[in-house]
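So the structure is just underneath, and the comments pick up after that.
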Amino acid sequence: MTPEEICERLLYRDGLLLVLDKPAGIPVHRGPKGGENFEDSFTHLRFGLPRSPSLAHRLDKDTSGCLVLGRHRKALEKLMLLFKQGKIGKTYWAVVCGGPEKDEGLIDLPLGRLDATRGWWMKVDPDGLPSQTRWRVLGRGRDASGAPLTWLALSPLTGRTHQLRVHCAARDFPIFGDPIYGAGGAPDAILHLHARAIRIPISNNKPAIEVEACAPDHMKERLAACGWTQALDDAVLAERRMRDEERETARLEAKVGEI
C-alpha cells in the first residue's frame, strides 16, 4: 500500500498504539511463500518514532476491520498481555446463512487442529482447547434469491484460530462467503466477517479506548438486507471526527503552554 492508502485506514492513534481498518483479502503478515501483506506498509506509520509499529494480535486474511498495533516495545508487550488475558473486548459483525432461532446465546465448543496437512484449519474437538463465543442477532433478512440471512454480533471470549468461523458452522449457520467451513456462496464471494469494534483498557487512570470500523463495501448489500443502514456508520464517522478535533485542540493547547 502507498503511504496515503495505509494512512487512510488509520482509525485511532496515540503515543502507545494505532488501530487500523484492515481490508479483507490481504494477510496481516508475510507467509512462508511471501507475497503481499498488510505488515509491509507499517513503515509508513512511524509518525516520528524510530521503528515501525508491530502487530499486537492477528486477523484472518479474509477478515476485515479493527487491527491493533503497538507503537513501541513496552506498549506492544502491554497490549499482547491484555489480549492474552482476555481483557480486550472484541465485537465482530457477521452475516450468516440461515441463522439461530433465538436472539442471543453462547457457543461453548472446544476446538482443535483439523489435521497436520491443513495448516491452521480447525474443528470442534472434545479434546481440544476450551472455546467460547457469545452471539446476538442484530437483524434478519433474505438475499436476492430468497435465502435467509442473519446479521450477528459475535464476541469471542477466547481467541482460538478461526474460532468464530468454526463455531458458526458447527451451529448450522456458517458465515457467508466462508470457503473452508461452510457456505462459500458465489465463486467470487468474500467472507462476511468484520472486526467491528474493539475496547482496549490500556491505561489504569483513563477510560478504555473504544474504536469502531465502518462496514466494508463487500458486506453492505447483505447487511442492508438484514436491516443495516448507512446512518449507523455515519454516526461512527461523526464521533471519530469529533474525537480527532478534541485531540488536535489538546495538542495545540499543550504546545501553547510550552511557549
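Small disclaimer: the values here were computed from a predicted structure and weren't measured.
In this structure Q85 satisfies the side chain to side chain donor-acceptor pair (under 3.5 Å) test together with K87, sequence neighbours excluded. Qualifying side chain to side chain donor-acceptor pair (under 3.5 Å) partners for T43, counting only residues two or more places apart in sequence or in other chains: none. With sequence neighbours left out, the side chain to side chain donor-acceptor pair (under 3.5 Å) criterion links E8 to no other residue. Residues satisfying the side chain to side chain donor-acceptor pair (under 3.5 Å) test with R136, not counting sequence neighbours, are none.
When side chains are defined from C-beta on, E104 does not count as touching R134, because their heavy atoms never get closer than 4.5 Å. Between D14 and I209 there is a side-chain heavy-atom pair separated by less than 4.5 Å. Put simply, the side chain of N37 does not reach to within 4.5 Å of the side chain of V28, judged on heavy atoms. Put simply, the side chain of L67 does not reach to within 4.5 Å of the side chain of V19, judged on heavy atoms. Using a 4.5 Å heavy-atom cutoff, the side chains of P100 and R171 are not in contact. Using a 4.5 Å heavy-atom threshold, the side chains of T133 and Y92 count as separate. In this structure the side chain of T91 never reaches within 4.5 angstrom of the side chain of L154, judged on heavy atoms. Between L45 and L69 the shortest side-chain heavy-atom distance falls below 4.5 Å.
Counted within 6.0 Å of CD on E77, heavy atoms from surrounding residues, nucleotides or ligands total more than 12; the atom is thus considered enclosed. Environment of CD in E221: sparse, with no more than 12 heavy atoms of neighbouring residues, nucleotides or ligands closer than 6.0 Å. Few gaps surround CE on M1; more than 12 heavy atoms of other groups in view lie less than 6.0 Å from it. Within 6.0 Å of CZ in R243 there are more than 12 heavy atoms belonging to other residues, nucleotides or ligands.
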Quiz prompt | Trace of the side chain to side chain contact (heavy atoms under 4.5 Å, CB included) decision for V137 with L152 | solution = CA-CA 5 Å; V137 173; L152 295 179; 3.7 Å; yes
Exercise. Dump the intermediate steps for salt bridge (charged side-chain N to carboxylate O under 4.0 Å, His left out) on D233 and R196, then the final yes or no.
Key: CA-CA 11 Å; D233 281 349; R196 171 65 174 187; 2.6 Å; yes
Exercise. Would you sort out whether L79 and V68 count as a side chain to side chain contact (heavy atoms under 4.5 Å, CB included), showing the intermediate values?
Key: CA-CA 8 Å; L79 288 165; V68 181; 4.0 Å; yes
Exercise. Please assess L157 against L106 for the test side chain to side chain contact (heavy atoms under 4.5 Å, CB included), listing each intermediate value before the final yes or no.
Key: CA-CA 10 Å; L157 305 184; L106 173 70; 4.1 Å; yes
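Side-chain atoms of R9 come within 3.5 Å of backbone atoms of D21 as a donor-acceptor pair (strictly under, hydrogens ignored). A distance-only check finds a donor-acceptor pair linking the side chain of T150 to the backbone of G98 [under 3.5 Å]. A donor-acceptor pair under 3.5 Å is formed between the side chain of K22 and the backbone N or O of K61. Judged by distance alone, the side chain of Y181 and the main-chain N or O of M122 form a donor-acceptor pair under 3.5 Å. For the pair H72 (side chain) and L17 (backbone), a donor-acceptor distance under 3.5 Å is absent. For H192 (side chain) and I190 (main-chain N/O), a donor-acceptor pair under 3.5 Å exists by modelled atom type. Side-chain N or O atoms of E245 include none that pairs as donor or acceptor with a backbone N or O of M242 at under 3.5 Å. In this structure, the side chain of R160 engages the main chain of P130 through a donor-acceptor pair within 3.5 Å. With hydrogens and angles ignored, the 3.5 Å screen pairs no side-chain donor or acceptor of K90 with any backbone N or O of P156.
Sorted by first and then second residue, the side chain to side chain donor-acceptor pair (under 3.5 Å) pairs involving residues 138-147 (not counting sequence neighbours) are D103-R140, D143-S145. Residues in residues 36-59 take part in these ring-ring contact (aromatic ring centres under 6.0 Å, His included) pairs, two or more places apart or across chains: F38-F42, H57-F83.
The heavy-atom pair separating G112 from D125 by the smallest distance is N-CB, 3.8 Å. Among all heavy-atom pairs drawn from L111 and Q163, the shortest one is CD1-CA, 3.7 Å. Taking both residues in full, the closest heavy atoms of L82 and I202 are given as CD1-CA, 3.9 Å, listed atom of the first, atom of the second, then distance. The shortest non-hydrogen separation linking L164 to L193 is CD1-CD1, 4.1 Å. Nearest heavy-atom pair, P174 versus G182, reported as atom, atom and distance to 0.1 Å: CB-CA, 3.9 Å. Nearest approach of A213 to A195, heavy atoms of both residues: CB-O, 3.9 Å.
Residues L191 and L223 fall into different hydrophobic clusters, defined by Ile, Leu, Val, Met, Phe, Trp and Tyr side chains chained together at heavy-atom separations under 4.5 Å.
Ion pairing between a basic and an acidic side chain is recognised when a charged N comes within 4.0 Å of a carboxylate O; R165 and D60 show such pairing.
Using a 3.5 Å distance cut-off with no hydrogens or angles, the side chains of R46 and S52 do pair a donor with an acceptor.
Here the rule is side chain to side chain contact (heavy atoms under 4.5 Å, CB included) with L20, and of I6, L59, L11 only I6 fits it.
Between the SG atom in C66 and the CD1 atom in I88 there is a gap of 11.5 Å [rounded to 0.5 Å]. The CZ atom of R71 sits 8.5 Å away from the CG atom of L16 when rounded to the nearest 0.5 Å. Atom SG in C168 sits 10.0 Å away from atom CH2 in W135 (nearest 0.5 Å).
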